[in-house]
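Counting begins at 1 with the first residue of the sequence.
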Amino acid sequence: MKICVIGGGGAIGGYLAVMLARAGNDVTVVARGATLAAIKARGLALIMDDQPEPLVAQVKAVEKIRDAETPDVVILAVKAHQVEPIIEDLAAIMGPETILIPMQNGIPWWYFQKLGGDYQDHSVETVDAGGVAKNAINPNNIIGCVVYPATFTQAPGVIRHVEGNRFPLGELDGKQTERIQKMSEMMSAAGFKSPILEDIRSEIWLKLWGNMTFNPISSLTHGTLEGICQYPLTKELARNMMAEAQTIAEKLGVTFRVDIERRIAGAEKVGKHKTSMLQDLEAGRSLEIDALLGSVIELGKITETPTPCLNTVFALTKYLDENVQASKGSLALPSVSGY
């Protein structure tokens with residue numbers, strides 16, 4: 001397969017690029033600056049605990065998306081707020097049969113496309129103002145994906161894997177197609193677990209359920225997952241936020257395969273781990289608060305669902321982010337993708 005990984009020098013994109021290239025695929029990564037130079041000079045390296053030496057893949061590296069030839073598959077491994085600035089370039093390399101696999105956290109821009117029902121083709125303004133991405137990309141090219149692995153960028157062109165290898169896939173309309181079977185096989189051959197789901201949106205909500213609560217709470221408190229889940233007040237706040245989100249999701253037809261208590265227990269088992277949003281905060285990077293929480297609040301308004309706890313945490317985290325971006329006074333630390 002000819003694969004283009006946009007954000008291929010980042011944590012998740014780099015992980016995917018190395019494994020897919022080593023499985024025999026023709027991989028091109030889009031990267032910039034020191035990362036681009038490092039990949040061109042030494043290849044893309046992946047450090048894994050179960051491997052004695054780094055896994056190195058020689059991949060083609062380009063700075064501009066339009067420099068990539070029309071691929072069979074595009075993996076869009078950038079954060080949600082980074083999609084809109086590159087959407088025209090992305091659309092330019094898409095062929096009629098090109099498969100696009102977006103890997104953003106939170107509610108995706110395509111959420112209401114091919115969904116049917118009262119909200120068919122509704123825009124999610126929080127992550128796609130004016131429907132720019134929705135209008136630029138044909139939904140027939142998209143396959144949904146939920147990202148579970150945790151990785152971080154250790155150095156330019158060097159990715160460290162922390163845990164996990166699950167990338168569930170699903171057609172937007174839930175159909176079992178030949179192309180999604182091919183994508184699942186491609187991912188499996190590279191060492192990933194990519195089951196095909198009939199309802200990718202329910203899986204999105206299951207992951208988002210934790211990210212939209214523990215990420216902002218950790219940023220506000222500087223607490224770890226274990227600490228947040230063990231301290232009674234923050235645990236209760238997380239529980240209330242999840243309940244509000246569950247009401248919204250169920251109005252949209254989503255089914256949760258675990259309950260709130262089990263979801264919280266799962267986060268607690270991760271241990272004394274800083275969420276990716278807390279690490280971004282400490283590094284002075286922009287927080288993914290719009291995609292992870294602002295989008296849920298927007299869906300609350302659409303479905304006429306009260307969201308008092310979500311609103312409060314969003315306001316505080318949004319203001320925190322504004323202050324950090326204004327000051328830019330923090331030291332750079334690696335950002336872990338996943339929790």
Side-chain angles (χ1 to χ4, degrees), residues 12 103-108 111 144-151 162-170 174 192-279 288-289 291-293 295-297 299-300 303 305-314 317 336-339:
I12 287 295
M103 293 193 172
Q104 287 66 57
N105 287 323
I107 300 294
Y111 189 88
C145 180
V146 181
V147 177
Y148 281 108
T151 59
V162 178
E163 64 170 355
N165 65 349
R166 289 186 68 240
F167 292 90
L169 301 171
F192 304 118
K193 294 180 180 178
S194 290
I196 300 170
L197 305 181
E198 293 183 359
D199 183 5
I200 192 66
R201 292 172 181 82
S202 289
E203 194 73 15
I204 287 172
W205 276 97
L206 184 60
K207 183 187 179 187
L208 178 58
W209 221 11
N211 282 349
M212 53 158 272
T213 53
F214 299 120
N215 275 268
I217 292 174
S218 72
S219 298
L220 294 169
T221 64
H222 289 243
T224 64
L225 286 172
E226 181 182 83
I228 293 168
C229 294
Q230 291 181 352
Y231 186 66
L233 295 179
T234 48
K235 182 177 181 179
E236 183 65 17
L237 175 58
R239 184 184 291 115
N240 291 338
M241 292 173 71
M242 287 184 178
E244 291 176 6
Q246 183 172 4
T247 300
I248 296 167
E250 288 176 347
K251 288 182 178 180
L252 295 170
V254 169
T255 301
F256 289 86
R257 55 184 169 84
V258 301
D259 61 22
I260 290 175
E261 296 307 318
R262 184 175 168 188
R263 187 67 180 84
I264 293 174
E268 182 179 353
K269 288 180 181 177
V270 176
K272 299 181 185 298
H273 174 70
K274 293 182 180 181
T275 68
S276 58
M277 187 175 288
L278 175 55
Q279 294 189 47
E288 268 190 304
I289 190 62
L292 294 183
L293 188 49
S295 59
V296 178
I297 293 171
L299 298 193
T303 58
T305 307
T307 55
C309 291
L310 299 181
N311 290 349
T312 300
V313 173
F314 177 74
T317 312
V336 174
S337 298
Y339 262 120

For a side chain to side chain contact (heavy atoms under 4.5 Å, CB included) check, start with the C-alpha distance between Tyr111 and Leu252, then their side-chain angles and the critical distance, and finish with the verdict.
CA-CA 11 Å; Tyr111 189 88; Leu252 295 170; 4.3 Å; yes
Apply side chain to side chain contact (heavy atoms under 4.5 Å, CB included) to the pair Ile248 and Trp205, showing each step before the final yes or no.
CA-CA 10 Å; Ile248 296 167; Trp205 276 97; 4.1 Å; yes
Output, in order, the C-alpha distance, side-chain angles, deciding distance and verdict of side chain to side chain contact (heavy atoms under 4.5 Å, CB included) for Met241 and Ile217.
CA-CA 10 Å; Met241 292 173 71; Ile217 292 174; 4.0 Å; yes
Side chain to side chain contact (heavy atoms under 4.5 Å, CB included) for Met212 and Phe314? Distances and angles first, verdict last.
CA-CA 9 Å; Met212 53 158 272; Phe314 177 74; over 6 Å; no
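The CD atom of Gln246 sits 12.5 Å away from atom CZ of Arg239, with the distance rounded to the nearest 0.5 Å. Considering CG of Leu225 and OG1 of Thr275, their distance stands at 6.5 Å, rounded to 0.5 Å. If you take CD1 on Ile264 and CZ on Phe214, they are separated by 5.5 Å, rounding to the nearest 0.5 Å. In this structure, His222 NE2 and Lys274 NZ are separated by 8.5 Å, a value rounded to the nearest 0.5 Å.
Shown here is Glu198, whose CD atom has no more than 12 heavy atoms of other residues, nucleotides or ligands within 6.0 Å. Heavy-atom contacts from other residues, nucleotides or ligands closer than 6.0 Å to CZ of Phe256 number more than 12.
Thr234 pairs in a side-chain contact (heavy atoms from CB on, under 4.5 Å) with only one of the listed residues (Leu220, Ile228, Thr213), which is Ile228.
With hydrogens and angles disregarded, no donor-acceptor distance shorter than 3.5 Å links the side chain of Lys272 to the backbone of Glu226.
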